[in-house]
Amino acid sequence: MSQTETPTPSNFIRNIIQEDVKTNKRGGRVVTRFPPEPNGYLHIGHAKSICLNFGMAAEFGGRCNLRFDDTNPLKEEMEYVESIKEDVRWLGFDWEDREYYASDYFGQLYSFAVQLIEQGHAYVDSLSAEEIREYRGTLTEPGKESPYRNRSATENLDLFERMRAGEFEDGAHVLRVKIDMTSGNLNLRDPTIYRIRKTSHDRTGDRWVIYPMYDYTHCLSDSLEGITHSLCTLEFEDHRPLYDWVLKTLAVYRPQQIEFARLNLSFTLLSKRKLIQLVEGGYVSGWDDPRMPTIQGFRRRGFTPQSIRTFCDRIGVAKRDSIVDLALLEHCLREDLNKSAPRVMGVLKPLKVVIVNYPEEKVEELEAINNPEEPAAGVRQVPFCRELYIERNDFMEDPPKKFFRLAPGREVRLRYAYFIRCEEVIKDADGNIVEVRCTYDPTTRGGDAPDGRKVKATLHWVSARHAIDAEVRLYDRLFNHPHPGGGKTDYTEHINPKSLTVLTDCKLEPSLASAEPESRYQFERLGYFCADRWDSQPGRPAFNRAVTLRDQWAKIAKKGGS
RNA sequence: UGGGGCGUCGUCAAGUGGUAAGACACAGGAUUUUGGUUCCUGCAUUCGGAGGUUCGAAUCCUCCCGCCCCAGCCA
């Protein structure tokens, strides 16, 4: 898994862990965890966390647990547990037998709560949710203590036990921890740690009607699992004092929480809420739409696990808010696929070419290299005959200066085949070009002229008689603004209306008839394409464009054109 | 007016008192049967700003400015 290209820069978390290992802190162990809440699909931001947590563990010979943070039965579903596991595995990580659930700790968590009550550190509050909010104060004003704050331990124990027994309705009481209602950190103003929710839980069924909350559950789960470094995102920085307080008060093992900045990507939205809106609003076809920044979306689009891992290594880990350029992700994909993807020829927007001096019935098998970056990939035979298809935009009747593809009177090379010269342009009644007639030079078979003459362009092509038909989906970025929803604009106004173009009339070389779902190819001169995971069938493939090749001509054309 | 963070190239990001790594992007050039790949070259006298300490500061001190997060019985 170690690609050597670029040495990955160090980061503050690695430095901390390195130092801890060196000084034998916590026995020199390294145990991390990836703790998703099973209430949605994983996206590229989660991939950053996954790579970090599993990566640090692997680097220091430690372990990384997969732990589902399933403390809110109202929002969580098993469907998500399965997709999360699939995604983490697909990314290339293995949690072995360490698949944990916060709900597995409910019994222990309850005992710890009883202990807190007995110590006088927790109390049952009977204020309503709204009252609790009022008592909490504001950002600039201190809160005030609940009238129930000084109930006796005995009374609290009794009430808490009855909460658990189901004697009260949702919202009647909560269990809070007694810290400081005047703290400048609102998380310390007697945070709630248990609430009543008469809802059955996917894993614990109806065993519980009270459920522990994040701040209380997460730190204790980390402690129970012997986590050494609990890595989370910046918004939890304010929660760290509470994390530490709970563990210290209970006198249990204390992991170290370290916060890092979450990933933001240009031209992309990564908030769970907005992603849901894109799906529910019908802007995309689902969570695995190839335009979605979900792991499922990238997978379907044709991204490799390796490219995503490389990306996560290169973006680094730091504490400052930042927006990574989408171009970097695309670069990582190209870099990976350039090395590994077999080359094939496919014509997306066909223009018929007739080689007038080529025999009607003749068919030749021409040798083509499968991957110039990987000699071991070998060669294949591609059929050639009198009628071919080339890309519509590889021909121009009246070409601008820097266009050096096919044009009237001009000679170009057909890749691995022959030099051809355009002799005539055939148009329909409306003046549309429907066919180009060319002559070929038989001495240029394979693509080189014995007389040494050069040609400025090499075109991809496909034999009309042998081509297979295919659907190809051209994907572009979902948003046409680097910061969708930035400023006062609603993000839906930044949706790129041209993010998907479906081409149904594509002609591909025959070898592609047997393309396996999820197999990736470079369509020469066009980009990297992936046989759709669900829609592609033998003999009738459907390809998704993962990313285009870098395109000098596109830049030149853009400059000149506008 | 509270608490917690963060400000180094267009975008990420190393750097932790010894004189600004690297990547992407961008711009040139070379090679090329993919206008792909590869290969060269260029791209922060300067680290949010102003003072100060020091032989020496992005790194230490002071003040100022800007940005992000926090008032769920969500995570």
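Residue numbers start from 1 in every chain, and the chains themselves are labelled A, B, ... in the order their sequence lines are given, proteins ahead of strands.
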Do A/Phe384 and A/Tyr418 have their ring centres less than 6.0 Å from each other? yes
Salt bridge present between A/Arg545 and A/Asp476 (N-O < 4.0 angstrom): no
Whether A/His460 contacts B/U34 is assessed here as follows: a side-chain N or O lying under 4.0 Å from the phosphate OP1 or OP2. Is that the case? no
By nearest atom, which of the nucleotides B/G28, B/G5, B/C24 is closest to the A/Glu237 side chain? B/G5
Atom CD1 of A/Ile13 and atom P of B/U16: how far apart are they, to the nearest Å? 19 Å
Which whole number of Å gives the distance between the P atom of B/U54 and that of B/C68? 38 Å
Considering every strand and a 4.0 Å limit on heavy-atom distances, what is the contact class for A/Glu330: base, sugar-phosphate, or nothing? nothing
If I take atom CD in residue A/Gln552 and atom C1' in nucleotide B/A25, what distance separates them, rounded to the nearest angstrom? 13 Å
First encountered from the 5' end of RNA chain B, between A/Phe523 and A/Asn15: A/Asn15
To the nearest angstrom, how far is A/His483 atom NE2 from B/G10 atom P? 14 Å
Applying a 4.0 Å non-hydrogen cut-off, can you work out what A/Tyr211 is touching in the nucleic acid: base, sugar-phosphate, or nothing? nothing
Before you tell me yes or no, could you show the steps for A/Ser126 and A/Arg151 under side-chain hydrogen bond (donor to acceptor under 3.5 Å, both in side chains), namely the whole-Å CA-CA distance, both residues' side-chain angles and the distance that decides it to 0.1 Å? CA-CA 11 Å; A/Ser126 306; A/Arg151 292 216 253 229; 2.5 Å; yes
B/U37, B/G35, B/C24: which one has an atom nearest the side-chain heavy atoms of A/Arg525? B/G35
Strictly below 4.0 Å, N to O, side chains only: are A/Arg453 and A/Glu411 in salt-bridge contact? yes
Of the listed nucleotides (B/C24, B/G36, B/G4), which one gets closest to any side-chain atom of A/Leu549? B/G36
Just so I know, are the side chains of A/Asp70 and A/Glu37 near enough to count as touching, which here means a heavy-atom distance under 4.5 Å? no
Any strand is fair game: report the nucleotide pairing with B/A71 by Watson-Crick or G-U wobble, both distances under 3.5 Å, or none. none
Check whether any side-chain N or O of A/Thr140 sits under 4.0 Å from OP1 or OP2 of B/G3, and answer yes or no. no
Heavy-atom side-chain proximity of A/Arg410 to A/Cys422 below 4.5 angstrom: no
Would you say the side chain of A/Glu373 and the base of B/U38 hold a donor-acceptor pair, judged only by whether the two atoms sit under 3.5 Å apart? no
Any strand is fair game: report the nucleotide pairing with B/G22 by Watson-Crick or G-U wobble, both distances under 3.5 Å, or none. B/C12
So which nucleotide does B/U54 pair with, by the Watson-Crick or G-U wobble rule with both distances under 3.5 Å? none
Provide the distance between the two P atoms, one in B/U19 and one in B/A13, to the nearest whole Å. 24 Å
For A/Lys454 and A/Val317, take the nucleotide of RNA chain B holding the closest heavy atom to each; which residue's nucleotide lies nearer the 5' end? A/Val317
P-based separation of B/G2 from B/C63 [nearest Å]: 15 Å
Under 4.5 Å between any side-chain heavy atoms of A/Tyr216 and A/Val177, yes or no? no
Side-chain ion pair, A/Arg149 and A/Asp125, N-O less than 4.0 Å: no
Given atom CZ of A/Arg314 and atom C1' of B/C12, what is their separation to the nearest angstrom? 12 Å
Counting the atoms with a prime plus P, OP1 and OP2 as sugar-phosphate, which does A/Phe403 contact under 4.0 Å by heavy atoms, base, sugar-phosphate, or nothing? base
Using the P atom on both, measure B/G52 against B/A57 and round to a whole Å. 12 Å
With a 4.0 Å cut-off on heavy atoms, is A/Lys555 in touch with a base, just the backbone sugar-phosphate, or nothing at all? sugar-phosphate
Does OP1 or OP2 of B/G5 have a side-chain N or O of A/Arg320 closer than 4.0 Å? no
B/G28 versus B/A21 - spacing of their C1' atoms, nearest Å: 24 Å
Just checking A/Arg550: base, sugar-phosphate only, or nothing, at a heavy-atom cut-off of under 4.0 Å? sugar-phosphate
Take atom CG of A/Asp325 and atom P of B/A25, then tell me their distance rounded to the nearest Å. 8 Å
A/Gln257 CD - B/G5 P separation (whole Å): 12 Å
Considering only atom C1', compute the distance from B/C64 to B/G7 and round it to an integer number of Å. 14 Å
Positive for side chain to side chain contact (heavy atoms under 4.5 Å, CB included) with A/Leu326, one of A/Ile323, A/Leu328, A/Val324, A/Leu329: A/Leu329
Under 3.5 Å, is there an N or O donor on one side and an acceptor on the other linking the side chain of A/Arg343 and the base of B/U34? yes
Could you please name the partner base of B/C63, counting Watson-Crick and G-U wobble pairs only when both distances are under 3.5 Å? B/G49
Carefully, step by step, assess A/Arg33 and A/His218 under the rule side-chain hydrogen bond (donor to acceptor under 3.5 Å, both in side chains). CA-CA 11 Å; A/Arg33 96 271 94 109; A/His218 201 90; 2.7 Å; yes
Please give the nucleotide sitting opposite B/G36 as a Watson-Crick or G-U wobble pair, both distances under 3.5 Å, or none. none
Can you check the distance between B/A44 and B/G29, where both ends of the measurement are the C1' atom (answer in whole Å)? 24 Å
If the glycosidic angle sits within 90 degrees of zero it is syn, else anti. Tell me which applies to B/G51. anti
List in chain and number order the residues that pass side chain to side chain donor-acceptor pair (under 3.5 Å) with A/Lys456, two or more places apart in sequence or in another chain; answer none if no residue qualifies. none
Take atom C1' in B/C47 and the same atom in B/G66, then report the distance between them in whole Å. 16 Å
Measure the distance from CG on A/Asp244 to P on B/G3 and round it to the nearest whole Å. 20 Å
Complementary nucleotide of B/A44, counting Watson-Crick and G-U pairs under 3.5 Å: none
What is the distance from CD1 of A/Ile323 to P of B/A13, rounded to the nearest Å? 11 Å
B/S/- along nucleotides 68-75 of chain B (protein heavy atoms under 4.0 Å) is SBBBSBBB
